[in-house]
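In what follows, a single structure is set out as structure tokens and then discussed.
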Amino acid sequence: MYKKGEVTYQALPLPDRVQLDEADAIVASTAFRDYMRKRHSVREYSDRDVPEEVIRACIEAAVSAPSGANHQPWHFAAIRNPEMKARIREAAEEEERKFYGGGASDEWLSALEPIGTGVDKPHLTTAPWLIVVFAERWGVNDDGERYKNYYVPESVGIATGFLIAALHHAGLVCLEHTPNPMKFLPEMCGRPEREKAVMILPVGYPADDATVPAVAKRKKPLARVMSIF
């Protein structure tokens with residue numbers, strides 16, 4: 001990133017202004033709300049190809065996210081290679097067998113039951129793309145000097161949210177898949193030890209017979225998740 005003392009504060013006039021008047025802001029915000037309500041996490045994918053240019057643009061949107069001290073502590077590995085996807089699926093399913101075979105508490109498994117998850121993860125090979133999200137626990141300058149990153153989980157979470165919204169905007173679906181643990185992913189993706197895999201996103205178009213769990217449509221009412229003072 002930056003060498004110590006290399007960059008100092010400099011004010012830059014706001015490059016872009018997207019302010020709307022009150023009426024237009026109400027229309028835009030409610031339209032976006034309704035549009036995002038059409039986003040669904042999907043497990044059944046079409047094998048229809050997705051152009052690399054689309055994936056690149058969505059990741060570029062993701063990395064425009066704010067981050068602690070602007071250190072941008074993330075990496076996104078976009079994978080379309082069938083053999084690599086198959087290796088990831090094999091490793092993920094091995095971890096899932098341990099999870100469902102005794103690694104998870106009864107309470108956790110009970111919470112997952114309405115979602116309909118299990119050991120088999122065909123979406124990891126059917127979806128045309130996998131995007132593996134990595135969190136960079138610390139950074140290294142070009143001269144090899146190590147530096148601290150700040151608010152890493154928060155920063156990576158924001159960027160991942162940007163990515164999911166961008167994929168939805170491109171007409172694609174994804175699934176927030178988190179095999180536990182994910183220690184096999186950094187080596188498979190050629191990432192350094194300072195990076196930790198936090199999520200796999202299968203990305204593509206939904207299959208013609210795609211479904212979602214009925215419980216996924218049950219959202220908490222706004223009054224339970226929002227306070228206004």
Exercise. Is there a side-chain contact between P186 and E193 (heavy atoms, below 4.5 Å)?
Worked result: no

Exercise. Are L185 and L130 connected in the hydrophobic side-chain network, where two residues link if heavy atoms are under 4.5 Å apart?
Worked result: yes

Exercise. What about L124 and I79, same hydrophobic cluster or not, with Ile/Leu/Val/Met/Phe/Trp/Tyr joined at side-chain heavy-atom distances under 4.5 Å?
Worked result: yes

Problem set entry | Under-4.0 Å salt bridge between R194 and E136 | yes

Problem set entry | Greater than 12 external heavy atoms within 6.0 Å of D208's CG | no

Problem set entry | Close side-chain approach of I88 and M188, heavy atoms under 4.5 Å | yes

For this session: State, yes or no, whether a side-chain contact exists between I131 and I59 at a heavy-atom distance under 4.5 Å.
Result: yes

Exercise. Can you tell me if Q72 uses its side chain to pair, donor with acceptor, with the backbone of N70 under 3.5 Å?
Worked result: yes

Exercise. What heavy-atom pair brings R97 and E90 nearest, and what distance separates the two atoms?
Worked result: NH2-O, 4.4 Å

Exercise. Got a sec: does the CG of D24 have more than 12 other heavy atoms crowding it under 6.0 Å?
Worked result: yes

Problem set entry | Check ion pair K121-E96 (N to O, under 4.0 angstrom) | yes

Problem set entry | Side chain to side chain, S41 and R39, heavy atoms closer than 4.5 Å | yes

Seminar exercise, completed: To the nearest 0.5 Å, atom CG of N149 lies from atom OG of S67 at 8.5 Å

For this session: Establish, yes or no, whether a centroid distance under 6.0 Å links the rings of H71 and Y151.
Result: no

Seminar exercise, completed: Looking only at heavy atoms, the pair that brings Y147 and V140 closest together is CE2-N, 3.4 Å

Seminar exercise, completed: In short, K85 meets A127 closest at the heavy-atom pair NZ-O, 2.6 Å

Seminar exercise, completed: Shortest non-hydrogen pair, V215 vs P114, comes out as CG1-O, 3.5 Å

Exercise. Rounded to the nearest 0.5 Å, how far does CD1 of I200 lie from SG of C189?
Worked result: 8.0 Å

For this session: Could you check H168 against M36 for side-chain contact (heavy atoms from CB on, under 4.5 Å), going step by step and ending with a plain yes or no?
Result: CA-CA 8 Å; H168 177 54; M36 290 305 293; 3.7 Å; yes

Exercise. Crowded around Q10 CD? As in, over 12 foreign heavy atoms under 6.0 Å?
Worked result: no

For this session: Working to the nearest 0.5 Å, report the span between SG of C174 and CZ of R43.
Result: 11.5 Å

For this session: Spell out, as yes or no, whether a donor-acceptor pair under 3.5 Å connects the side chain of Y45 to the backbone of P202.
Result: yes

For this session: Inspect the contact between E60 and R56 and indicate whether a charged nitrogen and a carboxylate oxygen are less than 4.0 angstrom apart.
Result: no

Exercise. Are E93 and R89 ion-paired here, with the side-chain N under 4.0 Å from a carboxylate O?
Worked result: yes

For this session: I would like to know whether V198 and T178 meet side-chain contact (heavy atoms from CB on, under 4.5 Å); could you show each step before the answer?
Result: CA-CA 7 Å; V198 296; T178 52; over 6 Å; no

Exercise. Are the side chain of T160 and the backbone N or O of V156 linked by a donor-acceptor pair below 3.5 Å?
Worked result: yes

Exercise. Within a reach of under 6.0 Å around CD1 of I228, are more than 12 heavy atoms found that belong to other residues, nucleotides or ligands?
Worked result: no

For this session: Give me the ring orientation class for H177 and H123: parallel if the planes are under 30° apart, tilted from 30 to 60°, perpendicular past 60°.
Result: perpendicular

For this session: Please answer whether the main-chain N or O of G144 pairs with a side-chain N or O of N141 as donor and acceptor at a distance below 3.5 Å.
Result: no

For this session: Could you tell me whether a side-chain N or O of K219 sits under 3.5 Å from a main-chain N or O of A216, the two making a donor and an acceptor?
Result: yes

Exercise. Between A77 and F134, which heavy-atom pair has the shortest distance, and what is it?
Worked result: CB-CE1, 3.9 Å

Exercise. Taking the side chain as C-beta and beyond, is there a heavy-atom pair between V63 and F76 under 4.5 Å?
Worked result: yes

Problem set entry | Pairwise distance CD1(I164) to CD(E176) - rounded to 0.5 angstrom | 4.5 Å

For this session: Say whether V42 and L175 are linked into one hydrophobic cluster, either directly or through other cluster members, by side-chain heavy-atom distances under 4.5 angstrom.
Result: yes

For this session: Classify the ring geometry between W108 and F99 as parallel (under 30°), tilted (30 to 60°) or perpendicular (over 60°).
Result: perpendicular

Exercise. Is the number of heavy atoms from other residues, nucleotides or ligands within 6.0 Å of CD (E154) greater than 12?
Worked result: yes

Exercise. Do R80 and E52 touch side chain to side chain, with heavy atoms closer than 4.5 Å?
Worked result: yes

Problem set entry | Hydrophobic cluster identity match, I115 and V119, side-chain contacts under 4.5 Å | no

Seminar exercise, completed: CZ (R87) and CZ (F184) are apart, to the nearest 0.5 Å, by 12.0 Å

Problem set entry | Min side-chain heavy-atom separation W138-K148 under 4.5 Å | no

Exercise. To the nearest 0.5 Å, how far apart are OG1 in T125 and CD in E83?
Worked result: 12.0 Å

Problem set entry | Side-chain (W129) to main-chain (V50) donor-acceptor, under 3.5 angstrom | yes

For this session: Show the numbers, then the answer: is there a side-chain contact (heavy atoms from CB on, under 4.5 Å) between I55 and V203?
Result: CA-CA 9 Å; I55 300 300; V203 175; 4.0 Å; yes

Problem set entry | Whether H169 and Y35 hold their rings parallel, tilted or perpendicular, with breakpoints at 30° and 60° | perpendicular

For this session: Work out which heavy atom in M182 is nearest to a heavy atom in A197; give both atom names and the distance.
Result: CE-O, 3.5 Å

Problem set entry | hydrophobic_cluster_shared for V152 and I158, side chain cutoff 4.5 Å | no

Exercise. Does R33 reach the main-chain N or O of A28 with its side chain, forming a donor-acceptor pair under 3.5 Å?
Worked result: no

Problem set entry | Within-4.5 Å side-chain heavy-atom neighbours: V173 and L167 | no

Problem set entry | R224 atom CZ: more than 12 heavy-atom contacts under 6.0 Å | no

Exercise. Is there a donor-acceptor contact under 3.5 Å linking the side chains of Y150 and S155?
Worked result: no

